[in-house]
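Below is one structure, written out as structure tokens, with a few remarks after it.
The analysis underlying the following values was restricted to heavy atoms, covering all of them including side chains, and did not include hydrogens, waters or symmetry mates. We count ligands from 1, going down the list as the structure has it; atoms in each ligand are counted the same way.
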Amino acid sequence: MSMQITTTASTNPASAERVASILADPGFGNFFTDHMFTVEWTSAHGWHGARIEPYGPLSLDPATAVLHYAQEIFEGMKAYRHPDGSIWSFRPEENAGRMVRSSRRLALPELPVEDFVQAVDALVDIDQRWVPDSTGGEKSLYLRPFMFASEAFLGVRPSQHVTFMVIASPAGAYFKGGVRPVTLWLTEEYTRAGRGGMGAAKTGGNYASSLVAQQQATANGCDQVVFLDGQEGRHIEELGGMNLYFVYADGHIVTPATGTILEGITRASILELAGKMGHQVEERRISIDEWRQGVLDGAITEIFACGTAAVVTPVGALRWDGGEVPAASDSGDVTMAIRNALVDVQFGRAEDTFGWMHRIV
Ligand code: PLP
Ligand code: COI
């Protein structure tokens, strides 16, 4: 059964000129569309009150649980405009499924997959003029579904009032300067996840805990931080907001195995896509020594990062306190071939043989 969504259209939407000027250079996460979606949950009534309203600030009681105990989860996905003007999302049921898994870890209620997809579709539909034209570029409408503990209560227990929302933000390249190799900072001091922790959930706390490491990365002239496993401090996990892939000289590609990392939908899609492109793909543990040695002796020829926001981004040098491994290669042929194969499906320039795309408009 689908949700009944009440719609209150904005009486003060952005002018066509303003939308056009934002879409010309949206950056990432700076601007928001005219509307937002909300549905609430209580232990007594389940999910109810689904609505689309004009985008605007929330009014929260200072005792709202999420502000104190961070019981919150989110998703990140995109809507793409195809050359014929139609609008599509990429594997939305995967984001919905991951949100269900995150909600289990954070003791939040489960939002049914079909309600999640319906909510996202409804917001994109009403704000469809905010989905950039993709001609010549790779702009899209970034979608941010999120769920938080909205009960005003200071006791430490799962919130009895929960709010799920979707907001949307036109997006260009996540990294300034478009597709260029990003330099990485290896943190030996901080970890992002431990055994039994929240590493596999998309929850705000993981990002809060990454910020100080990211500050060190920035202070050392790097774009992103690399986290190692929390137990041995030896195995590569992921970046603050992206998964990693290693390309070997014989063409096979490796991505760190999961358990404590966020299982990216881009990562999973590349496993399938690269397999189809003839690469042998492996999910396994990979140590920081293998990275250092592999680049130095030529066994590793390319490294790339991947995620919804960053798409597929070549990795340059890896630095740490007192050392550096140079970029694996400067050609990045495999990285760019995988990147192009993925974005061509997302933007409707190549046949969607996997059935990944979901039509919204
Ligand atoms: N790892 C982290 C920590 C992330 O925040 C993201 C971004 O969502 C990813 C990996 C990549 O996930 P996805 O490909 O689903 O966007
Ligand atoms: C995404 O790629 O959707 C993310 O959530 C990453 C975030 C750092 C913007």
Side-chain angles (χ1 to χ4, degrees), residues 26-32 72-80 89-102 105 116 120 138 140-147 166-176 182 184 187 190-194 197-211 213-215 217-218 223-230 236-245 255-274 283 304-313 315 338-339 342-343 345-346 354 356 358:
F28 183 85
N30 300 311
F31 305 101
F32 300 92
E72 185 269 357
I73 55 178
F74 68 97
E75 272 303 321
M77 51 198 286
K78 285 173 170 173
Y80 308 86
S89 59
F90 181 73
R91 312 187 77 181
E93 63 296 332
E94 295 295 321
N95 294 90
R98 185 168 65 188
M99 184 165 245
V100 167
R101 294 194 297 280
S102 297
R105 180 63 185 84
F116 177 105
V120 168
E138 284 178 15
S140 58
L141 184 65
Y142 184 79
L143 301 161
R144 174 52 65 83
F146 59 107
M147 190 190 291
V166 188
I167 56 175
S169 175
Y174 184 70
F175 291 110
K176 284 196 192 78
V182 289
L184 303 183
T187 175
Y190 300 107
T191 60
R192 100 177 251 295
M198 305 193 298
K202 204 160 168 64
T203 179
N206 288 340
Y207 298 80
S209 88
S210 78
L211 295 177
Q214 179 61 41
Q215 268 180 331
T218 308
D223 300 292
Q224 275 274 312
V225 57
V226 182
F227 289 101
L228 299 177
D229 73 280
I236 296 152
E237 299 241 300
E238 59 184 322
L239 310 187
M242 280 147 241
N243 294 123
L244 276 172
Y245 265 99
T255 189
T258 54
T260 47
I261 66 173
L262 186 81
E263 263 185 71
I265 291 150
T266 318
R267 173 187 178 281
S269 306
I270 290 171
L271 280 173
E272 289 189 56
L273 199 59
E283 292 176 83
F304 63 88
C306 65
T308 299
V311 196
V312 171
T313 298
V315 165
I338 290 174
R339 182 179 216 282
L342 180 67
V343 295
V345 171
Q346 291 172 330
F354 294 100
W356 282 339
H358 165 82

Sidechain N-carboxylate O distance under 4.0 Å for K78, E138: no
Can you tell me which residue and heavy atom of the protein come closest to atom 14 (O) of ligand 1, and the distance to 0.1 Å? T266 OG1, 2.5 Å
Taking both backbone and side-chain atoms of R267, is any N or O found less than 3.5 Å from an N or O belonging to ligand 1? no
At a 4.0 Å cut-off, with the gap strictly under it, does some heavy atom of G240 reach an atom of ligand 1? yes
Taking ring pair (Phe, Tyr, Trp, His ring centres under 6.0 Å) as the criterion, tell me which of Y207, F146, Y142 meets it with F74. Y207
Which ligand 2 atoms are under 4.0 Å away from a heavy-atom of Y174? 8 (C), 9 (C)
Smallest heavy-atom separation, V312 atom then L342 atom, equals CG2-CD2, 4.2 Å
Numbering the atoms of ligand 1 from 1, which are under 4.0 Å from a heavy atom of G307? 11 (C), 14 (O), 16 (O)
With heavy atoms of K202 as the reference, note each atom of ligand 2 found under 4.0 Å away. 4 (C), 5 (O)
Carboxylate-amine/guanidinium contact R91 E75, below 4.0 Å: no
Taking 4.0 angstrom as the limit and counting only heavy atoms of Y142, give me the atoms of ligand 2 inside it, by number and element. 1 (C), 3 (O), 4 (C), 5 (O)
For E283, does its backbone N or O pair with a side-chain atom of T255 as donor and acceptor, under 3.5 Å? no
Under the 3.5 angstrom rule, does the side chain of Y174 hit a backbone N or O of G27 as a donor-acceptor pair? no
Side-chain contact, heavy-atom cut-off 4.5 Å: E237 with D229? yes
So for K202 against ligand 1, with non-hydrogen atoms under 4.0 Å, the contacting part is side chain
Ligand 2 atoms in contact with A309 (distance to a heavy atom under 4.0 Å): 1 (C), 2 (O), 9 (C)
Name the closest protein heavy atom to atom 5 (O) of ligand 1, giving the residue it belongs to and the distance to 0.1 Å. Y207 OH, 2.4 Å
Which residue and heavy atom of the protein sit nearest atom 6 (C) of ligand 1, plus the separation: G241 O, 3.2 Å
Please determine if L239 has a nitrogen or oxygen closer than 3.5 Å to a nitrogen or oxygen of ligand 1. no
Ring-plane angle category for W356 and F90, please: parallel below 30°, perpendicular beyond 60°, tilted otherwise. perpendicular
Hey, looking at atom 1 (N) of ligand 1, which of E263, R98, E238 has the closest heavy atom? E238
Under-4.0 Å heavy-atom contact with ligand 2, by part of E75 that carries it: neither
What is the nearest protein non-hydrogen atom to atom 12 (O) of ligand 1, stated with its residue, atom name and distance? G264 CA, 3.2 Å
Salt bridge present between R101 and E263 (N-O < 4.0 angstrom): no
Option set G29, G76, G241, criterion heavy-atom distance to atom 6 (C) of ligand 2, minimum: G241
I need the contact type for R144 against ligand 2. Using non-hydrogen atoms and a strict under-4.0 Å cut-off, is it side chain, backbone, both or neither? side chain
Minimum side-chain heavy-atom gap P92-V120 below 4.5 Å: no
Among protein heavy atoms, which sits nearest to atom 16 (O) of ligand 1, and what does the distance come to when rounded to 0.1 Å? T308 OG1, 2.6 Å
Is there a salt bridge (Lys or Arg N to Asp or Glu O under 4.0 Å) between K202 and E72 once you walk through the steps? CA-CA 9 Å; K202 204 160 168 64; E72 185 269 357; over 6 Å; no
Tell me whether R192 has any N or O atom under 3.5 angstrom from an N or O of ligand 1. no
Donor-acceptor pair, side chain of N243 and main chain of L262, under 3.5 angstrom: yes
